[in-house]
Number of protein chains: 2
Amino acid sequence: MDHAETNDHGPEGAKSSVRNLLKGAGLRPTRQRVALASLLFARGNRHISAEILHEEAMIHRVPVSLATVYNTLHQFTGAGLLREVVVDGSKTYFDTNTDDHHHFYVEDDNVVIDIPPDSVTVDALPTPPPGMEITRVDVVVRLRRIPGRN
Amino acid sequence: MDHAETNDHGPEGAKSSVRNLLKGAGLRPTRQRVALASLLFARGNRHISAEILHEEAMIHRVPVSLATVYNTLHQFTGAGLLREVVVDGSKTYFDTNTDDHHHFYVEDDNVVIDIPPDSVTVDALPTPPPGMEITRVDVVVRLRRIPGRN
DNA sequence: ATTTGTGCAAATCGTTTGCATCTGA
DNA sequence: TCAGATGCAAACGATTTGCACAAAT
């Protein structure tokens with residue numbers, strides 16, 4: 001699938017596959033999008049907020065504004081590359097895993113963790129009200145640290 | 001409609017039970033709390049945002065500031081009279097039903113609906129990561145209007 | 001060259017807080 | 001009385017938007 005081709009933007013050969021990913025999604029592979037997509041998809045499944053992604057971009061010396069990070073995350077979501085995860089009223093998380101799966105949420109730490117695909121099952125889905133259809137079922141298992149342990 | 005906000009001395013069934021509710025929860029039954037609690041608990045299970053509750057209070061000519069509505073909702077939640085429902089990243093809903101149950105969420109309309117208690121079942125709960133315990137499991141069934149119907 | 005994306009700062013939205021004033025037990 | 005509650009407005013954090021400029025095709 002991905003060929004590490006000659007690349008003038010640093011040691012990461014993943015960038016050309018990222019370009020294809022973006023093109024396939026109908027998004028122009030601009031410098032910023034490629035850089036952000038690399039950060040997002042290079043290290044497996046991630047749950048990230050705009051702010052954190054922006055910080056990472058800074059660390060990797062990718063000059064992007066926070067506004068562009070927000071825009072980009074939404075574009076990626078619209079293109080099906082990301083999925084929004086709602087676990088908390090005040091912050092939005094984006095999940096690089098777009099498959100059907102559910103989440104743990106550690107409220108103390110604001111951390112989102114994937115639940116392995118087969119360890120939760122929702123059965124007997126309720127009948128939606130008339131004129132409505134189910135678009136998705138989200139399960140959030142809320143966790144807290146057990147006091148007195150580490 | 002009823003005129004719950006008049007200060008007559010007659011027996012007000014709903015109002016006095018609301019006072020007891022508040023007292024039982026360790027909250028002083030102030031004018032505003034009684035009024036808000038009446039609005040919240042008088043008509044069965046509700047899913048309400050601070051803004052909507054504030055509007056209702058205005059309609060019923062209960063002078064409360066939006067800040068007090070927020071404070072009150074959180075106090076009620078802390079006292080176990082309400083439950084916060086997280087279905088949407090941008091708004092907080094409060095549920096007058098504190099029993100274990102789950103929700104439909106109509107994304108087009110920002111409406112929260114209770115799912116009847118037995119029509120969803122989550123089984124095979126996942127093992128939490130070490131040092132963590134499950135505090136709650138939330139299921140949100142997202143709905144959308146079927147286009148071309150009413 | 002044209003179209004599309006970006007950066008910045010200012011604007012917006014929901015929510016919280018500080019503080020002077022009021023009120024219920 | 002007097003701790004506790006309220007109102008207002010200002011503060012806040014997360015997200016969005018408007019517009020001049022820059023980059024990709």
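Fair warning: this is a prediction, and the values are worked out from it, not measured in the lab. We name chains A, B, ... by the order of the sequence lines, and we start the count at 1 in each one.
- Distance B:Arg33 CZ to C:dG24 P: 12 Å, rounded to the nearest Å.
- Distance B:Arg28 CZ to D:dC2 C1': 9 Å, rounded to the nearest Å.
- Taking the ring centroids of A:Tyr70 and A:His54, they lie at or beyond the 6.0 Å cut-off.
- Residue A:Ser49 is out of contact with every strand shown, counting any heavy-atom pair closer than 4.0 Å.
- Taking atom CG of A:Leu22 as the reference point, atom C1' of C:dG5 lies 13 Å away to the nearest angstrom.
- Map A:Lys23 and A:Tyr93 each onto its nearest nucleotide of DNA chain D; the residue landing nearer the 5' end is A:Tyr93.
- Residues B:Ile115 and A:Val137 share a single hydrophobic cluster, defined by chaining ILVMFWY side chains whose heavy atoms lie under 4.5 Å apart.
- Side-chain atoms of B:Ala50 lie closest to C:dT15 of the nucleotides C:dT15, C:dT6, D:dT16.
- In this structure, A:Tyr105 and A:Asn110 have side chains that are in contact, with non-hydrogen atoms separated by less than 4.5 Å.
- Taking atom CG of residue A:Leu53 and atom P of nucleotide D:dA14, one finds them 15 Å apart after rounding to whole Å.
- Relative to the side chain of A:Glu51, the nucleotides D:dA14, C:dT16, C:dC8 differ in distance, and D:dA14 lies closest.
- The side chain of A:Thr72 lies closest to C:dT6, out of C:dT17, C:dT6, C:dG7.
- In this entry the distance linking NE2 of B:His74 with P of C:dG14 reads 15 Å, nearest Å.
- Taking only side-chain nitrogens and oxygens, A:Tyr70 never comes nearer than 4.0 Å to OP1 or OP2 of D:dT16.
- Remark: A:Arg136 does not engage B:Glu107 in a salt bridge, criterion side-chain N to carboxylate O under 4.0 Å.
- For C:dG14, the OP1/OP2 oxygens have no side-chain nitrogen or oxygen of B:Thr92 closer than 4.0 Å.
- A:Arg31 has its CZ atom 15 Å from the C1' atom of C:dT4, to the nearest Å.
- Listed candidates were C:dT6, C:dG14, D:dC8. Nearest to the side chain of B:Ala67 is D:dC8.
- Applying the 4.0 Å criterion to OP1 and OP2 of C:dG7, one finds that A:Thr68 has a side-chain N or O inside that range.
- Distances from the side chain of A:Pro29 to the nucleotides D:dT25, D:dA14, D:dG7 place D:dT25 closest.
- Rounded to a whole Å, the CD atom of B:Gln32 is 9 Å from the P atom of C:dT23.
- For the residue pair A:His47 and A:Asn97, no side-chain donor N or O sits within less than 3.5 Å of a side-chain acceptor on the partner.
- Of the candidate nucleotides D:dT17, D:dG7, D:dT16, D:dG7 has the atom lying nearest to any side-chain atom of B:Val64.
- The CG atom of B:Leu73 sits 12 Å away from the C1' atom of C:dT15 (whole-angstrom rounding).
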